[in-house]
Amino acid sequence: MTLSKKLGEWYEKEKRDLPWRKSSNPYNIWLSEIILQQTRVAQGLNYYLNFIEKFPDIFSLANADTEEVLKLWQGLGYYSRARNLHETARTIAFNMKGIFPQNYPGLLKLKGIGDYTAAAIASISFGKPVAAIDGNVKRVVSRLFAIEDEVNSTRGKDLIKTFSYEILDVSNPGRHNQAMMELGANICLPSKPKCMECPISQYCLALKENKVAELPLKYKKASPRNRYFTYLIIKKGNRILLKKRDKGDIWEGLYEFPLIENIQETSPSELASKIAGFLNVSDSQLNITKISETVIHKLSHQHISCRFIHLNFPGDFEISAGTGIEITTDEFEKFPVPRLIERYIDNKGL
DNA sequence: GACACGTGGCT
DNA sequence: TAGCCAAGTGT
């Protein structure tokens, strides 16, 4: 029996019952693939269900507001996925009559669909013989063939791709690709892989050479940089200020409170005069009601130390252009916000 | 081709 | 705990 046959039979028997596996409809597959990019099934599952419920097809998604899409995406991270999801929904709905491109190169042209996702949709929805190579597959293949090049090096990636196509089951590429990923997710784990339960262990060179624990090799990422945020929760009765984040930094398109960013940790007393300057009022006009403890928020590439400062609107202060928009506290929950802000408000209230 | 881009769970 | 990892893509 061949590797792909063993793998396929194992998959049929052991695969998890996941909602996007109930259909090969490209809309469902596409949506699930975008949600699951760099995201665990456990984390993305509810988002998928919420999206399918609110936007059951490409047209309902295309006709939504981007902000509505971002709100539903809130908390999932990598928000460009949501913006690109919406843009691509509109492209398909309005320029392609709601019909997905049915092959790899066609899919690859769409925003938010790269090598992996194009291959996943082409194989799962349309049966095209293309290898979908994600983090799981890289690990599985690097061990299967005992690849000594770093999997994030050019040569390593080349080898992974070559070997992936070598073992691709062209008679059922969709099943094969999902089986490879399922194996990586449940058996061929990063640490302490369950080689005893692996359906293709007999083909595994790393196991044979006792190298499973060392593979895959990988270059390390740079360590995150530190940032220091101070959010101003400026209240005027039941009204507060909110500001939309710009392009070119984290959380593009999400909302936040007016922000003062410092180069380094700054004490509350130093902050007071910065705030006064920011608001263009004198220190004595400031009516600070509360200063939060420092909240640490870790991103993959940034560590943010953040403080929230609550203050009442200085009496004669007028909002200058660019400071933000004024909303009522009731409206707050309708705006997409970063997890850092969502969590703080959930805990402390507005 | 290297780096930016979130969040949460696991070791 | 600090770092790694997760169904990657865009620039």
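Naming: A, B, ... by sequence-line order, numbering from 1 per chain.
- Between the CD atom of A:Gln74 and the P atom of B:dG6 there is a distance of 13 Å, given to the nearest Å.
- Side-chain contact, A:Ser123 with A:Asn177: a donor N or O sits under 3.5 Å from an acceptor N or O.
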- Task: Would you check, one step at a time, whether the test ring pair (Phe, Tyr, Trp, His ring centres under 6.0 Å) holds for A:Phe100 with A:Trp30?
- Result: CA-CA 10 Å; A:Phe100 275 78; A:Trp30 166 64; 5.5 Å; yes
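- When the P atom of C:dT9 is taken as reference, atom CG of A:Leu110 falls 12 Å away, rounded to whole Å.
- One C1' atom belongs to C:dG8, the other to B:dG1, and the distance between them is 15 Å to the nearest Å.
- Residue A:Tyr255 forms a side-chain hydrogen bond (donor to acceptor under 3.5 Å, both in side chains) with just one option from A:Lys71, A:Glu67, A:Lys243, and that option is A:Glu67.
- Residue contacts for A:Ala132: at a heavy-atom cut-off of 4.0 Å it reaches no nucleic acid atom on any strand shown.
- One P atom belongs to B:dG8, the other to C:dT9, and the distance between them is 22 Å to the nearest Å.
- Residue A:Arg339 places at least one side-chain N or O closer than 4.0 Å to OP1 or OP2 of B:dG8.
- Protein atom CZ of A:Arg81 is 18 Å distant from nucleotide atom P of B:dA4, rounded to whole Å.
- When heavy atoms are screened at a 4.0 angstrom cut-off, A:Gly184 is found touching no nucleic acid atom at all.
- Residue A:Lys218 is classed as a sugar-phosphate contact, given heavy-atom separations below 4.0 Å to backbone atoms only.
- With hydrogens and angles disregarded, a donor-acceptor distance shorter than 3.5 Å links the side chain of A:Asn103 to the backbone of A:Gly106.
- Rounded to the nearest Å, the gap between the P atom of B:dC3 and that of C:dA7 is 24 Å.
- For the pair A:Arg83 CZ and B:dA4 C1', the interatomic distance rounds to 12 Å; values are reported in whole Å.
- A:Ser80 comes within contact range of no nucleotide atom at all, as no heavy-atom separation falls under 4.0 Å.
- As judged by a 4.0 angstrom heavy-atom cut-off over every strand, A:Gln302 is placed among residues touching the sugar-phosphate backbone only.
- Counting any heavy atom pair closer than 4.0 Å across all strands shown, A:Arg21 reaches a base atom.
- Residue A:Ile250 places its side chain closer to B:dC5 than to any other of B:dC5, C:dA7, B:dG8.
- Dashed line: the shortest gap from a side-chain N or O of A:Thr154 to OP1 or OP2 of B:dG1 is under 4.0 Å.
- On a pure distance criterion of 3.5 Å, a polar donor-acceptor pair joins the side chain of A:Arg40 and the base of C:dC5.
- Neither OP1 nor OP2 of B:dA4 sits under 4.0 Å from any side-chain N or O of A:His301.
- The side chain of A:His297 contributes an N or O atom lying less than 4.0 Å from OP1 or OP2 of B:dT7.
- For the residue pair A:Glu252 and A:Tyr79, no side-chain donor N or O sits within less than 3.5 Å of a side-chain acceptor on the partner.
- Atom-to-atom, OH of A:Tyr219 to C1' of C:dC4 comes out at 18 Å; the value is rounded to the nearest Å.
- Here A:Tyr48 does not reach the OP1 or OP2 of C:dA7: none of its side-chain N or O atoms lies under 4.0 Å away.
- Within the 4.0 angstrom heavy-atom criterion, base atoms lie near A:Leu299.
- With B:dG6, C:dA2, B:dG8 as the candidates, the nucleotide lying closest to the side chain of A:Lys298 is C:dA2.
- Among the protein residues, A:Trp73 comes within range of no part of the nucleic acid, since none of its heavy atoms lies under 4.0 Å from any strand.
- Rounded to a whole Å, the NZ atom of A:Lys138 is 11 Å from the C1' atom of C:dA7.
- Spacing of P atoms, B:dC5 relative to C:dA2, comes out at 23 Å, to the nearest Å.
- For B:dC10, the OP1/OP2 oxygens have no side-chain nitrogen or oxygen of A:Ser191 closer than 4.0 Å.
- Look at A:Arg339 and A:Glu342 and you find a salt bridge, because one of the NZ, NE, NH1 or NH2 atoms lies within 4.0 Å of a carboxylate O, short of that distance.
- Between the side chain of A:Tyr116 and the base of C:dG8 there is no donor-acceptor pair of N/O atoms closer than 3.5 Å.
- Using a 4.0 Å heavy-atom distance criterion, A:Ser223 is classed as making no nucleic acid contact.
- Among the atoms of the strands shown, only primed sugar atoms or phosphate atoms (P, OP1, OP2) are found under 4.0 Å from some heavy atom of A:Asp115.
- For A:Arg343, a side-chain nitrogen or oxygen approaches OP1 or OP2 of B:dG8 to under 4.0 Å.
- Within the structure, every side-chain polar atom (N or O) of A:Gln37 is placed at least 4.0 Å from both OP1 and OP2 of C:dG8.
- Aromatic rings of A:Tyr48 and A:Trp20 (six-membered ring for Trp) have centroids within the 6.0 Å cut-off, being under it.
- At a threshold of 4.0 angstrom between heavy atoms, the contacts of A:Leu76 include nucleobase atoms, whether or not backbone atoms are also involved.
- Between A:Arg245 and A:Asp249, at least one side-chain N (NZ, or NE/NH1/NH2) sits under 4.0 Å from a carboxylate O, which counts as a salt bridge.
- Of the two residues near DNA chain C, A:Gly112 and A:Pro224, the one whose nearest nucleotide lies more 5' is A:Pro224.
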